[in-house]
Amino acid sequence: MAARIEDYALIGDTRTGALVGPDGAADWLCLPDFDSTAVFTRLLGNEQHGSWRIGPAHANNTLPPVTSSRGYRGRTLVLDTEWHVPGHGTVRVTDLMPTGEDTPRLVRIVEGVTGRVQMRSTLHATVNYGQHTAAQRTIDGRTVFLVSTGALWLDTSADVAVGSGEFTVGEGESVTFTLTWQPGTTVAPQPPDAHDALLRTESYWHTWAAQSTYRGPYAEAVNRSALTLKALTHAPTGAPVAALTTSLPEKIGGIRNWDYRYTWLRDAAMTITALLCLGYLDEARAWRAWLLRVIAADLQNLQIMYGIRGERDLSETELGWLPGYEKSGPVRLGNGAATQLQLDVYGEVIDALYQAHLAGLEPDPEATRLMVGLVTQLERLWSVPDAGIWEVRGPARHFVHSKVMVWVAFDRVIKLILSGDADGPLERWCELRDTIWREVCEKGYDPVRNTFTQSYGSTELDASLLLIPQMGFLPPDDKRVIGTIEAIQRELSTPDGFIERYPTKGEDAGVDGLPGDEGAFLLCTFWMADDLAMIGRVDEARELFDKLLALRGELGLLAEEWDPRLRRQVGNYPQAFSHIGLTLVAVRRFSTPESLSLPAQRSTAPDLTAAPAPQ
């Protein structure tokens, strides 16, 4: 059985990543990229679906040894797992995926700390997400596993057969294992130096992390979130993905299981905004280049998500041979939401590009033309119903958040025109921006309850309304903003104070067109903390923020949601959204000028200055 979601460690090379459980098993690994076929799929099934465990051997069915320590080496993605085996000794396994190499590689180093410990390696590589066991070959004395996307070359200093077997490690001794992906078997990779790979990988992450400008009170949490967002960004293309996994359930035993290994325009834009707040410009530059390659030439057929290399066909299918995480089926590949109309993505992309401009990223005329082209498309689209930020699979609606983000799109481009950094029909777009503002305030607001609503004419609430003050649509002291925040607290809070996205209706289909419930959405709860601080309830905001940090596992990682009944994390993992929320709240609300070592001319947080409200 797979471990609890929050107990998995992420290791990665900014191309793909593995999840390693507390038992020493790598239970999830797609090769060569985030959205490639998994060779280890135990996370969504069992041992037969692929895994690689290295840990103490349990003789005679004795109880497993106690894990005495487990954590990352400083500000890196190098993982140390240390076991103390009573009567035998202590052993450490170091797991990493080296960065900057031509092909992905999983490195595992076993070191004796004290005594002598009997260890076992159990490697089961599979084809097509655990559908079949990978065939094994021996080529020039090296073990090779033939998988869906190529070949895995195993090199080890241990005396074990094909990666599985027992060996002993004593104090001061080390045994190394490396598993290297290659497109095929015609060209063998050079036998790697595991210890050299460790040094280079530590150096890479320490160097990258040191560029962060944040020195505030939540440095540990912010730094770990930044490393996670970087690890979820595909270095060869510059495309951030929403999460490492597919089909981890939003409710244990439920059907809300989606594939998040793609590049949503929304999620990517928010990732870049969070990294910009920490002073990272290179990632914004790479993402901007990805946008120009992927979407600029065909804005009329804009999708809300793409494959990491710009693939458009993300057709959704189900893998019937996998039972799902804790039998939460179906397991899905692809994502049917790719073909939806979601108007808010225009605003998120434009706002992220605007924040990069404020942060000092060098101008790019093509990027400016892209922003102008996006609002030009919105002129004909903004008034139609859409599927909204939550990608509902029910009827399209006039979602209030979507309209607010349309307003953001026009507002940011207007500001660029006014500053002389873009050209466009200023008067017409100013009038349209004001028209959108009035419509939202008239059709999306319930004056009786003093709250904005999920969509025009509805009575339901939606946590995405918390972005109204954060995006500058209305100031935080506006009575409608305060009323909305308080209404969401009343109607969408769990007993712990965490925030749900919107109401669900048990086994009846709700607004999203799906039966079943889900957990509290962590990003929405971070939004609530942000809003509470904005309206002056800082102590309450900090208390909620600290409660959110306490949900993190021992490795500081967050999934998509929190199940208040089971008291555990649920949803795909690690989730960029959650780490984005953590970063932005810490930087925006709980930092002092002294805690941000930024140049004076650089923006430290998004520009939240709203346009003057139309009279």
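Each residue takes its place number in the sequence, starting with 1. Basis for what follows: all heavy atoms, side chains included, without hydrogens, waters or symmetry-related copies. It should be emphasised that the depicted structure is a prediction, and the values quoted were computed from it without experimental measurement.
For the residue pair W264 / E348, no side-chain donor-acceptor distance below 3.5 Å is found, with atom types taken as modelled. T245 and N572 form a side-chain donor-acceptor contact under 3.5 Å, judged by distance and modelled atom types alone. Defined by atom type and a distance below 3.5 Å, a donor-acceptor pair is present between the side-chain atoms of E379 and W429. Side chains of D531 and Q470: a donor on one and an acceptor on the other come within 3.5 Å. Side-chain atoms of Q569 and Q575 form no donor-acceptor pair, as typed in the model, at a separation below 3.5 Å.
The residues E366 and R369 are annotated as salt-bridged, a charged nitrogen and a carboxylate oxygen being separated by less than 4.0 angstrom. A salt bridge does not link R256 with E561: every distance from a Lys NZ or Arg NE/NH1/NH2 to an Asp or Glu carboxylate oxygen is 4.0 Å or more. The pair R588-D530 meets the salt-bridge criterion, since a charged nitrogen lies less than 4.0 angstrom from a carboxylate oxygen. A salt bridge between D563 and K251 is absent, with no side-chain N of the basic residue lying under 4.0 Å from a carboxylate O of the acidic one. Look at D411 and K415 and you find a salt bridge, because one of the NZ, NE, NH1 or NH2 atoms lies within 4.0 Å of a carboxylate O, short of that distance.
Taking E311 as the reference, nothing meets the salt bridge (charged side-chain N to carboxylate O under 4.0 Å, His left out) condition, with sequence neighbours excluded. Residues passing the side-chain hydrogen bond (donor to acceptor under 3.5 Å, both in side chains) test with Y456 are E439, sequence neighbours excluded. Every residue two or more places apart in sequence or in another chain was checked for a side-chain hydrogen bond (donor to acceptor under 3.5 Å, both in side chains) with D539, and none qualifies. Applying the salt bridge (charged side-chain N to carboxylate O under 4.0 Å, His left out) criterion to D259, with sequence neighbours excluded, gives R261. For R490, there are no side-chain hydrogen bond (donor to acceptor under 3.5 Å, both in side chains) partners two or more places apart in sequence or in a different chain. Not counting sequence neighbours, Y262 has no partner by the ring pair (Phe, Tyr, Trp, His ring centres under 6.0 Å) test.
A centroid separation of less than 6.0 Å is found between the aromatic rings of Y280 and W208.
For the side-chain contact (heavy atoms from CB on, under 4.5 Å) with P469, the lone residue among V481, L474, D478 that qualifies is V481.
In the displayed structure, D477 atom CG is contacted under 6.0 Å by more than 12 heavy atoms of other residues, nucleotides or ligands.
Taking the six-membered ring for Trp and thresholds of 30 and 60 degrees, F526 and F545 have ring planes more than 60 degrees apart, a perpendicular arrangement.
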